[in-house]
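Data first, discussion second: the structure below is written as structure tokens.
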Amino acid sequence: MGPQESETGSDKFRLLVKLSSNTPVFGCRMFPIVRVSRHLSFLQLEVPPHELTFSWYREQTSSSFDRDKVRCSVHLDMLAKMQCEECVKLNLSVKGSYHCSNSCYVDAWEKHKVYHRYAAETVSETLSNNQQEVRNIKSYGPDKYWPESDFVVGSSSDKNEKVMEPDGKIWIKVGSSKSYAPTEHDIGHRLRLECAAVDCSMGTNITPVNITVTDPVIYPPAHPPRSTIKCVWKSWNPGLEAHSSSDLTFSVLSYNILAGIYATGNRYSYCPEWALSWEYRMQNIINEIIEYDADILCLQEVQRDHFEDLLKPALAKCGYSVLYKTKTKEVYTPNQYTIDGCATFYRRDKFKEIVKYELEYDKSALPFVEKLEPELKKDGRFRLLKDNVALVVILERVKNEGSFDGNQPRICVANTHIHASEKFPDVKWFQVVSLINGLGTIANSKIPLLICGDLNSLPLSNPHSFISKGILQSVPNKETDPLGVYQYLRPRPIYKLKSAYACFFQSDGIEEQQRRKMDSETMEPIFTNFTSEFTGTLDYIFFTVNSLRLESVLELLDKEALGSGLPSPQWSSDHIALMGSFTFTLERSSYQGQRLLPYLPSPWRTAAAQ
């Protein structure tokens, strides 16, 4: 079924309640959209100040909890036998809390402890009255298993408030917050949401109680784990010689997570409706990101409300700090104006922010547009003043026990999302050159550089060739460059930039299974974006090979195993995540030269960390 929407009303007012999907998913929090409005015949009346109340119920049936549904978060082919108590208390990822055995739990305990510590530090900041209360369930330590009785639905909820319908159907109350995350006891059972609008002064309902009943809660399929593949180098020399290592390795992930405003049923008709809802996709993406355990995350198409409601607090509990930059133009949705942008997360126990730079590409294009002939300015504004952005941050390694004394190494991380339309190659070129010209100043200051993002440009296209080789693959003509952007720009390439996956393709000992996922001509992945309309590589991680050495990459996916396209129930974006692990290779003496912060002129915005 499609999104569930129900409406109740009095003579004067009506209450609309809408769920993004009528199929609840285990572990994925549901956020109903609620609106109180006036009937057309009473438009002169003001809706009185009111509060919304919520009650969630689970249908009571004679069936037992299906223990074959919940799987271990580590060994996906094994049934879950135990759940981490602290993960439940701290409201961490539900899926990540289940284990199949005592040894499985013990092996994962060190990672659990880290997440528990981070979550305990942030939980007081994220708790609010709008948050679901801690579930009254039994949780067990490493030496205990779920007893059989705990799998019986209702066995621990008989004392909860109940509602009985005239036909004798019984509903057990499971929550009283606006949102609700289905638990293991809800699997296979319908949920019921009762919502009311209560007059603040009178304490009476201004509309009848709205009742919404869902389909049975489902347990989603797990995506296959992706392993990291180590690079084997007989000598590290992909064009430039490396220096001695500082023995510091870190990992960087780049991922276009598909903003909810673009994830429509019309566009992705092959994806089940429940798997396309933003609640499911966001939780699934969060689980996926946590599994990769990267030190730096560069995410694109991060929708502002989803960032604030779910992504930021969830990753804060995993020890990440974040910088966020929205695009410059909001988009209207049926419920509100919203916008997406780029978010860069970093582990706060490994790095600290030194300075942040922001680039709005429409501002970088404005001087060129203003110089156009009058008859070209309208077209110039339409073509070049796009709302794409770049977010750049210089991070410094956090000194900790065991690290050497003196200055710590720094890294510059650029996160960007270039304009998408293939009809405007001049716009892509303009944006990429604007970014690289600014980053060149940073690269010249001896700070290692990473460029991550969705360039919306194929391998060997001009944007890709300019970054990776410092050249143009083809000279623009009147058709591809009607405004003369090529003549206006003064590109300053950074010749030491290489693509992480192209470097991996050149490493020694690549297995045939991995090699067939790469294009032998471009040396890039065969695809990073896969839909029913397009298959190709648009996403990249570039790095300066004179200051960083590639250690490993995240394995690529087999197209044949992905069905009709992405997103899907297993993978919740139409792009795949890319990840590389790197080691600093500059001599320690060079770290002193990184102390002077590079100055980037307008239209770049600069903000030093407090």
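Remember, predicted model here, so these are calculated numbers, not experimental data.
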Donor-acceptor contacts, no H, no angles, side chain residues 369-380, under 3.5 Å, sequence neighbours left out:
{"residue": "Glu370", "atom": "OE2", "partner": "Arg381", "partner atom": "NH2", "Å": "2.6"}
{"residue": "Lys377", "atom": "NZ", "partner": "Glu370", "partner atom": "O", "Å": "3.3"}

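The closest donor-acceptor contact from the side chain of Ser269 to the backbone of Gly265 lies at 3.5 Å or more, if one exists at all. A donor-acceptor pair under 3.5 Å is absent between the side-chain atoms of Tyr486 and the main chain of Asp426, judged by distance alone. Using a distance-only test at 3.5 Å, with no hydrogens or angles considered, a donor-acceptor pair links the side chain of Arg226 to the main chain of Glu555. Between the side chain of Thr528 and the backbone N or O of His575 there is no donor-acceptor pair closer than 3.5 Å. Thr544 places no side-chain N or O within 3.5 Å of a backbone atom of Ser547 that could act as its donor or acceptor partner. Checking side-chain atoms of Lys327 against main-chain N and O of Ile339 turns up no donor-acceptor pair under 3.5 Å. A donor-acceptor distance shorter than 3.5 angstrom exists from the side chain of Ser21 to the backbone of Thr23, with no hydrogens or angles considered. Not one N or O on the side chain of Thr531 forms a donor-acceptor pair closer than 3.5 Å with the backbone of Leu566. Judged purely by atom type and a 3.5 angstrom limit, Asn529 has no side-chain atom pairing as donor or acceptor with the backbone of Thr537. At least one donor-acceptor pair closer than 3.5 Å links the side chain of Asn437 to the backbone N or O of Arg492.
Taking the six-membered ring for Trp and the full ring otherwise, Phe54 and Tyr180 have centroids separated by 6.0 Å or more. Less than 6.0 angstrom separates the ring centroid of Phe31 from the ring centroid of Trp278.
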Test log, rule side-chain contact (heavy atoms from CB on, under 4.5 Å), inputs Phe542 and Leu450: CA-CA 6 Å; Phe542 294 100; Leu450 285 159; over 6 Å; no

ring-ring contact (aromatic ring centres under 6.0 Å, His included) evaluation trace for Phe307 with Tyr324: CA-CA 9 Å; Phe307 170 77; Tyr324 183 51; 4.2 Å; yes

Worked verdict on Asp293 versus Arg347 for salt bridge (Lys or Arg N to Asp or Glu O under 4.0 Å): CA-CA 10 Å; Asp293 200 28; Arg347 289 201 181 280; 2.4 Å; yes

Steps toward side chain to side chain donor-acceptor pair (under 3.5 Å) verdict (Tyr292, Ser251): CA-CA 9 Å; Tyr292 296 144; Ser251 52; over 6 Å; no

Pair Val392-Cys412, side-chain contact (heavy atoms from CB on, under 4.5 Å): steps then yes or no: CA-CA 7 Å; Val392 180; Cys412 176; 3.5 Å; yes

Test log, rule side-chain contact (heavy atoms from CB on, under 4.5 Å), inputs Leu460 and Glu521: CA-CA 9 Å; Leu460 303 185; Glu521 180 183 359; 4.0 Å; yes

Steps toward side-chain contact (heavy atoms from CB on, under 4.5 Å) verdict (Ile442, Leu600): CA-CA 9 Å; Ile442 298 175; Leu600 300 186; 4.2 Å; yes

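Residue Arg29 comes nearest to Ser179 through the heavy atom pair NH1-OG, 3.2 Å, listed as atom of the first residue, atom of the second, then distance. Between Val302 and Ala343, the closest heavy-atom pair is CG2-CB, 4.0 Å. The minimum heavy-atom distance between Thr416 and Ala390, with the atom names listed, is OG1-CB, 3.7 Å.
No hydrogens or angles considered: nothing links the side chains of Asn287 and Glu291 as a donor-acceptor pair under 3.5 Å. When only modelled atom types and interatomic distance are considered, Tyr270 and Ser568 share no side-chain donor-acceptor pair under 3.5 Å. Asp349 and Tyr118 share a side-chain donor-acceptor pair at under 3.5 Å. Using modelled atom types, one finds no donor on one side chain facing an acceptor on the other under 3.5 Å when comparing Asn444 with Thr441. Using a 3.5 Å distance cut-off with no hydrogens or angles, the side chains of Glu279 and Ser20 do pair a donor with an acceptor. For the residue pair Asp340 / Tyr262, a side-chain donor-acceptor distance below 3.5 Å is found, with atom types taken as modelled. A side-chain donor from one of Asp454 and His417 sits under 3.5 Å from a side-chain acceptor of the other. Between the side chains of Thr328 and Glu360, no donor-acceptor pair of N or O atoms lies under 3.5 Å.
Atom CG of Leu489 sits about 9.0 Å away from atom OG of Ser364, to the nearest 0.5 Å. For the atom pair CD1 (Ile285) and CG (Leu299), the distance works out to 9.0 Å, reported to the nearest 0.5 Å.
The side-chain contact (heavy atoms from CB on, under 4.5 Å) test with Ser572 is passed by exactly one of Met282, Glu288, Arg281: Arg281. Among the candidates Phe543, Tyr346, Phe584, the single residue satisfying the ring pair (Phe, Tyr, Trp, His ring centres under 6.0 Å) test with Phe250 is Phe584. None of Lys352, Arg348, Lys350 except one satisfies the salt bridge (charged side-chain N to carboxylate O under 4.0 Å, His left out) rule with Glu396; the exception is Lys352.
Under the 4.5 Å side-chain criterion, counting only non-hydrogen atoms from C-beta, Gln300 is in contact with Ser254. In this structure, Leu562 and Leu557 have side chains that are in contact, with non-hydrogen atoms separated by less than 4.5 Å. Using a 4.5 Å heavy-atom threshold, the side chains of Phe424 and Thr480 count as separate. A heavy-atom distance below 4.5 Å is found between the side chains of Gln431 and Asn388. No side-chain heavy atom of Thr249 sits under 4.5 Å from any side-chain heavy atom of Phe582. Side-chain atoms of Leu253 and Asp295, non-hydrogen and from C-beta on, never get closer than 4.5 Å to each other.
Tyr501 does not carry Lys498 over the face of its six-membered ring by the limits of under 6.0 Å from the centre and within 45° of the normal. Taking the ring centre of Phe527 as origin, the terminal cationic atom of Lys517 falls outside the region bounded by 6.0 Å and 45° from the ring axis.
Checked for salt-bridge contact, Asp309 and Arg304 miss the test: no charged N lies under 4.0 Å from a carboxylate O. A salt bridge links Lys325 with Glu358: at least one charged nitrogen is closer than 4.0 Å to a carboxylate oxygen. Of the charged side-chain nitrogens involved, none lies within less than 4.0 Å of a carboxylate oxygen, so that Lys386 and Asp362 do not count as a salt-bridged pair.
Listed by first then second residue, pairs satisfying side-chain hydrogen bond (donor to acceptor under 3.5 Å, both in side chains) with a partner in residues 462-471 read His464-Glu524, Ser465-Gln473, not counting sequence neighbours.
Within 6.0 Å of the CD atom in Glu422, the count of heavy atoms belonging to other residues, nucleotides or ligands does not exceed 12.
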